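Side chains are part of it too, since the values below use all heavy atoms of this structure and drop only hydrogens, waters and symmetry mates. None of the values given here were measured: they were computed from a predicted structure. Within every chain, numbering begins at 1; the chains are lettered A, B, ... in the order of the sequence lines, protein sequences first and strands thereafter.
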Amino acid sequence: MTTATIEKTLVAGAQPAASVPANNPRASGTTARAKTILVGFDLGTNKSCLLAGPPGTTDITVSKVVPTCVGYVKEGIVDGIIAGNASVLFGEEALQNKLHVNLVAPVTEGVISQPEATRDFLTHIRALADPTGQAEIRAVIGVPANADELARENIRRCAHGIFDRVLLIPEPFLAALGYRDNSRLGQPGYIDPVINSLFIDIGGGTTDLCLVQGYFPTSADQICIPFAGDAIDQLMEQELARTYPNNGLSRHKVREIKEAHGYVGPSRRPLDVKVVLGGKGHTLELADVIGRACNTLVDKIYPALTTLISRASSDSVVVLLQNIIVTGGGSQLKGIDAVIQKRLADDGYESPKVRLAGQDYKRYVAIGALKAARAARENQWQVLLG
Amino acid sequence: MSTPILPTPPAPASPWKEVATVYRRICLLRLRGLAAEAAQLETTALAAALAAAELAHATPAEFEQRMRALFLAEEERVHNAAILAELLTPLLATAAAPVPAPTPVAAAPARPVPVARPLAFNPAPTASEPDAIADFIEGMLDQQRAGPGR
């Protein structure tokens, strides 16, 4: 699915966002706010990450990873079942109460598919960043590498009235910015990822690859593949249905199995996984179910990876090959760095080094977004009109 | 006549020991303001030691993790040694009067690395980073203003 499939009705009558000149009276906002809070926000298909802090400091006052889901409480739920008798739940709370809510995923394959649920979700995010509701919120929001103007406008429409100003920046660039460790700049062997790197961000809905080489990546520097974590889950479900018909495992359970045991490379048989079906414990051997599904991802990533490598200049490509970084949830697949590196080496690429972003992978886009929010000039922020 | 006890041959040295020794020397050189000598060691002895150490690891991730941990440990060791030297120097000078005063430790260049997880969000951006990021953002906005043809 590409962003071109978003219904045009989503932007009917939309007013374009404007970059506000520094001297424009509107630069101060329609209402005077006592304080400003900067937000770095990664709106992911499955998980979103929020970082917030005041301008002019390096303090982070809010740091949260929130499952990207909204739960609308079903009719007829007895009082007291839902904490605070809330009518709408978000994130973990929605998932924990999934029996009592209608779960809605605001984002599908990296793009907004449920605008109303997205607005509700962003309202929740705003409340996390500013419980008082009094502050001016300026948010840098990560967008998929292939997001066109239509997709960006949909985000702005959903954010209208929730965030006071926004700046939409492609996620791979933000990941490089977030991953950059300023304390190591100049150290031997440390290659600044903003100067020369190739990021592979494997999310839930999309896998984004991006060359970051000291200038803002153009469309030629980025490739978005609509195959990522969710697609692996779907493949696993299909494989499970073939091997263990009527297994009754939910998509959520399949994802849990993937997150616990996912791997790429040669078969890791036997891989026994205990599941509860119909109340009874069963041990399923799932090595090939998991391996086939996960290896499909590498088969999709590799051609895009070599395409981007071919676009790098000959002066930069040798160093670039030393700085290929896998981030996102997919970076947790066991062996993914070694498998990609080996394929590159076997194909004759010069001393490739593929590394994982590490345990902080969930936060790098948001970290980069908050860095960008702190650095953005006044006239770069976009005021949401309409 | 007793059988002579032959000395046990020493176990082959871990390649990381050489990395630690060289990197420690580099940190000391930097501390003393000898940046050129430090850079020379980085590109020669350290590079060779790291190449040998990397062969001992199955995955790049393991090698990277070990290298970073070792660098942090040696930087901390040298930093602590420098502090100890500062504290002890005056004591030693008064304890042994005829001994000429030791050369004071030169004002150190910026301490190599704070003790922090290398991949954690760095709370202290450099002075020029915000400008550089703002320039990047301007480049993005220019592309968007130019339209989808670019």
Side-chain angles (χ1 to χ4, degrees), chain A residues 19 51 53 57-60 63 140 148-149 152 167-170 173 177-190 194 212 214-220 335 337-338 341 352-361 363-364 366-368 370-377 379-380 382, chain B residues 22-23 26 30 35 38-39 41-43 46-47 50-51 54 57-65 67-68 71-72 75 110-150:
Chain A
S19 290
L51 294 178
T57 76
T58 54
D59 297 341
I60 297 178
S63 172
V140 170
D148 58 11
E149 182 53 35
R152 285 197 292 272
L167 196 49
L168 307 183
I169 298 179
F173 175 74
L177 196 56
Y179 184 74
R180 183 197 221 193
D181 186 349
N182 289 47
S183 67
R184 295 191 64 203
L185 293 176
Q187 280 187 9
Y190 184 70
V194 175
V212 186
Y215 57 85
F216 199 83
T218 67
S219 56
D337 53 341
Q341 181 171 311
K353 294 262 188 310
V354 179
R355 68 172 75 94
L356 304 177
Q359 291 305 311
D360 253 354
Y361 72 88
R363 300 188 341 140
Y364 284 126
I367 291 170
L370 188 57
K371 284 186 180 180
R374 291 203 162 116
R377 299 180 184 123
N379 67 347
Q380 291 173 335
Q382 298 181 329
Chain B
V22 174
Y23 194 69
I26 290 170
R30 284 192 194 138
L41 270 185
E42 283 167 20
T43 53
L46 182 65
L50 284 172
E54 192 173 3
H57 286 274
T59 69
E62 282 177 13
F63 168 74
E64 187 80 16
Q65 191 177 8
M67 180 184 76
R68 287 179 185 172
F71 282 176
L72 276 176
E75 284 153 8
R111 181 167 170 258
V113 170
V115 180
R117 284 165 47 229
L119 296 181
F121 173 49
N122 176 25
T126 62
S128 61
E129 189 192 41
D131 283 340
I133 295 171
D135 290 341
F136 272 120
I137 293 171
E138 199 61 38
M140 176 193 77
L141 293 173
D142 285 342
Q143 283 180 29
Q144 289 173 2
R145 289 181 202 120
R150 288 190 52 175

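Only the side chain of A:Gln341 comes within less than 4.5 Å of a heavy atom in chain B; its backbone stays farther off. Contacts of B:Ile26 with chain A are absent, with no heavy-atom separation under 4.5 Å from either backbone or side chain. Proximity to chain B is limited to the side chain of A:Phe173, based on heavy atoms less than 4.5 angstrom apart. Residue A:Val354 touches chain B through its backbone alone, counting heavy-atom pairs closer than 4.5 Å. Of the atoms belonging to A:Leu168, it is backbone heavy atoms, and not side-chain ones, that fall under 4.5 Å from chain B.
At least one side-chain heavy atom of A:Arg377 sits under 4.5 Å from a side-chain heavy atom of B:Asp135.
When each of A:Val194, A:Ile169, A:Leu177 is checked for a side chain to side chain contact (heavy atoms under 4.5 Å, CB included) with B:Ile133, only A:Leu177 meets the rule.
One finds the CD atom of B:Glu62 at 9.5 Å from the CG atom of A:Asp337 (value rounded to the nearest 0.5 Å). Rounded to the nearest 0.5 angstrom, A:Gln380 CD and B:Phe136 CZ are separated by 12.5 Å. Between B:Glu75 atom CD and A:Gln187 atom CD the span is 5.5 Å, to the nearest 0.5 Å.
Contact count versus chain B (heavy atoms, under 4.5 Å) is highest, among A:Ala375, A:Ala372, A:Pro170, for A:Ala375.
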**Asked** Would B:Arg68 and A:Arg184 count as a side chain to side chain contact (heavy atoms under 4.5 Å, CB included) if you check the C-alpha gap in whole Å, the side-chain angles of each, and the deciding distance to 0.1 Å?
**Response** CA-CA 10 Å; B:Arg68 287 179 185 172; A:Arg184 295 191 64 203; 2.9 Å; yes

